[in-house]
Amino acid sequence: MTTQIRHHLTDDLLMAYSAGSLPEAFSLVVASHVSMCDECRARLAGFDAVGGSVMEAMEVADMSEEAFGATLALIAANEDAEPAPAPRTGLFPAPLRDWIGGDVDTIVWRGVGGGVSQAVIQTRGPETVRLLRIPGGTAVPDHGHGGTELTMVLQGAFRDETDRFAAGDVECADEDMTHTPVAEPGPDCICLAATDSRLQFTGLLPRIAGRIMGI
Ligand code: ZN
Ligand code: ZN
């Protein structure tokens, strides 16, 4: 699974997650990807170590050579401090399954038009994280973003104007981007998507769909 992941988290997201400053909705997507991706887990461990050493350095303002050496040793020891991923028994990565308290079979889907369904996941803060289920061959209506949208594919695959995204991949779309994700033919494409503002659909029909979807 890990070797097939082609689209990864940005340093900004990993740093914010490491610092604990990422909203819950986005943290859920980051934790889910990290649990499946050796590369991002290693980069996160690096940010964790740097953050820890900065804290250490602040505590020991006048650091002796000995203390400095000890800090470096601590950083080295911390390098694989990120827990190894729990085995994946169902569809959902462990952090998502733990958050929801179940796997995909416990999800209550709500149709939002065009065969697309969603389930909003409870998190604190004004951001939203939802599961989206898009039947194979179906498009999610054209939309721009009032903010950032972070999407992780859990099953199936989709394409948009930029690339192809398959299970484990993440796409980070910013406010300048309007795209039309289309699920590939085959099994339903199931995604976990966090947004920090309401999505803005651009066409008339999509805009109506957007109102119905409440996204
Ligand atoms: Zn990754
Ligand atoms: Zn989008």
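Remember, it's 1-based here, ligands and their atoms both numbered in the order they're listed. What you see is a predicted model; the values in this text were computed from it and never measured. All residue numbers refer to positions in the sequence shown, counting from 1.
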Taking 2.8 Å as the cut-off, does H7 contribute an N, O or S atom near the Zn ion (ligand 1), distance below it?
no

pair V140-T180: side-chain heavy atoms closer than 4.5 Å
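Of all side-chain heavy-atom pairs linking T180 with V140, none is under 4.5 Å.
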
Note, R133 side chain near V116 side chain (heavy atom, < 4.5 Å)
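They are not in contact (no side-chain heavy atoms under 4.5 Å apart), so the answer is no.
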
Taking 2.8 Å as the cut-off, does an N/O/S atom of D160 lie below it from the Zn ion (ligand 2)?
no

Closest to the Zn ion (ligand 2), which N/O/S atom of E149 is it?
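Looking only at N, O and S atoms of E149, the one nearest the Zn ion (ligand 2) is named OE1.
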
Given D160 and T162, is the side chain to side chain donor-acceptor pair (under 3.5 Å) satisfied, shown in steps?
CA-CA 5 Å; D160 67 11; T162 64; 2.6 Å; yes

Is the ring pair F165/H7 parallel, tilted or perpendicular, if the boundaries are 30 and 60 degrees?
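It falls in the tilted class, 30° to 60°.
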
Side chain to side chain contact (heavy atoms under 4.5 Å, CB included), that's the test. Do L131 and C191 meet it? Break it down for me.
CA-CA 6 Å; L131 288 157; C191 297; over 6 Å; no

Calculate the angle formed at the Zn ion (ligand 1) by ND1 in H8 and NE2 in H33; 10° precision is enough.
130°

Opening angle between SG in C37 and SG in C40, taken at the Zn ion (ligand 1), to 10 degrees:
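Reported to 10°, the angle equals 120°.
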
